[in-house]
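Here is the naming used below: chain letters follow the sequence lines, and residue numbers restart at 1 for every chain.
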Protein chains: 2
Amino acid sequence: MQLDHVFGALSDATRRAIVMRLCDGEASVGELAKPFEMALPSLMKHIRILESSGLVASEKTGRVRMCSLQTEALATVEVWLAAQREIWEQRLDRLEMHVEKLKKEERSNARKRKSK
Amino acid sequence: MQLDHVFGALSDATRRAIVMRLCDGEASVGELAKPFEMALPSLMKHIRILESSGLVASEKTGRVRMCSLQTEALATVEVWLAAQREIWEQRLDRLEMHVEKLKKEERSNARKRKSK
DNA sequence: ATGAAAGTTAGCCATACGGCTAACTAATAG
DNA sequence: CTATTAGTTAGCCGTATGGCTAACTTTCAT
């Protein structure tokens with residue numbers, strides 16, 4: 001499960017719509033195809049991409065292929081984003097503390113100038 | 001700012017590494033290029049993609065172009081993922097409540113059978 | 001047994017991508 | 001003023017993408 005593939009899979013509006021639909025519960029290929037004016041082989045290509053990225057799993061029963069969401073792959077994206085936000089916010093915290101320190105120093109210097 | 005472009009921008013390992021670096025603070029194009037064994041025009045292409053997706057902003061001062069992270073674009077990905085998780089978890093909650101109900105009914109039926 | 005349903009495969013086509021090199025421009029440093 | 005630095009532009013090339021159609025296979029329903 002690689003971030004390249006997960007982000008890549010989600011970079012297409014059709015595949016994101018498939019993921020959103022599967023959040024509501026599993027669906028067959030035919031059901032997934034219904035909202036799209038797209039040839040079935042094209043829709044199948046999208047499903048294959050989602051499968052290879054780990055976002056979707058599917059299983060054939062008779063002539064119907066049922067697809068379901070695999071939340072672990074979505075979680076890898078969440079984890080990566082959370083890590084970036086953590087780093088970003090730590091940096092903002094340090095910046096804020098630095099600004100506070102400068103403000104205190106500035107107030108101290110102003111008081112010293114006044115007393116001369 | 002479109003999710004297509006944001007997810008697409010993040011689907012490449014080089015661009016994710018750039019984003020991670022910029023979480024630590026802004027950097028020049030030359031600084032960003034240092035960790036990569038890649039021709040500068042190639043690295044510039046990646047930066048342009050990150051800019052067009054809204055993830056990065058840049059500004060030229062003299063001959064140096066400084067790049068900085070724009071967290072709003074990352075936030076759109078977070079928002080989208082949070083929405084999917086919400087739907088997914090609501091579905092699991094309803095499923096859990098249904099299972100609980102079935103278990104209660106099964107216990108009730110078992111008591112009725114015993115009392116006959 | 002036959003027809004219909006639900007995919008599946010193969011290949012085409014135009015566009016996009018991700019690297020490269022070569023040549024170039026604009027800005028500093030000396 | 002000249003050399004150096006920090007990008008910038010243009011185009012090449014192989015690969016990937018995202019649609020399509022046609023033909024096909026497997027599985028039910030009749």
Handout entry: Under 4.0 Å protein heavy-atom contacts per nucleotide of nucleotides 25-30 of chain D, with B for base, S for backbone only and - for none
Key = --BB--

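- Remark on DNA chain D: of its neighbouring residues A:Thr14 and A:Pro41, the 5'-side contact belongs to A:Thr14, judged by nearest-heavy-atom nucleotide.
- Where DNA chain C meets chain B (any atom under 4.0 Å from a heavy atom), the bounding nucleotides read 5' to 3' are C:dG18 to C:dT28.
- No continuous path of ILVMFWY side-chain contacts below 4.5 Å connects A:Met66 to A:Phe36, so the two sit in separate hydrophobic clusters.
- Ring geometry for A:Phe7 against B:Phe7 counts as tilted: the plane angle lies between 30° and 60°, on a 0 to 90° scale.
- A salt bridge is defined here as a Lys NZ or Arg NE, NH1 or NH2 lying under 4.0 Å from an Asp or Glu carboxylate O, and A:Glu100 with A:Lys103 meets this definition.
- We find that CD of B:Glu59 is positioned 14 Å from P of D:dG7, with the value rounded to whole Å.
- The list of salt bridge (charged side-chain N to carboxylate O under 4.0 Å, His left out) pairs with a residue in residues 44-53 of chain A, not counting sequence neighbours, reads A:Arg48-A:Glu51.
- Between A:His46 and D:dT17 there is no side-chain polar atom (N or O) within less than 4.0 angstrom of OP1 or OP2.
- Between B:Phe7 atom CZ and D:dT17 atom P there is a gap of 17 Å when expressed in whole angstrom units.
- Contacts classified as salt bridge (charged side-chain N to carboxylate O under 4.0 Å, His left out) and involving residues 56-68 of chain A (residues at least two apart or in different chains) are not found.
- Between the B:Ser28 side chain and the B:Glu31 main chain, a donor and an acceptor come within less than 3.5 Å of each other.
- Remark: C1' of D:dG18 and CD1 of A:Ile47 are 15 Å apart, rounded to the nearest angstrom.
- Comparing A:Met66 and B:Leu40 along DNA chain C, the residue whose closest nucleotide (by nearest heavy atom) sits nearer the 5' end is A:Met66.
- Between the side chain of B:Glu26 and the backbone N or O of B:Leu22 there is no donor-acceptor pair closer than 3.5 Å.
- Heavy-atom minimum distance, A:Leu32 versus A:Arg21: CD2-CG, 3.6 Å.
- Rounded to a whole Å, the NZ atom of B:Lys45 is 14 Å from the P atom of D:dC13.
- At a non-hydrogen distance threshold of 4.0 Å, A:Ser28, A:Val29, A:Gly30 from residues 19-37 of chain A come into contact with DNA chain C.
- B:Val77 and A:Val19 fall within the same hydrophobic cluster, defined by Ile, Leu, Val, Met, Phe, Trp and Tyr side-chain heavy atoms under 4.5 Å apart, directly or through other members.
- Within 6.0 Å of the CD atom in B:Glu96, the count of heavy atoms belonging to other residues, nucleotides or ligands does not exceed 12.
- Sequence neighbours left out, the pairs with a member in residues 6-20 of chain A that pass side-chain hydrogen bond (donor to acceptor under 3.5 Å, both in side chains) are A:Arg15-A:His46, A:Arg16-B:Asp4.
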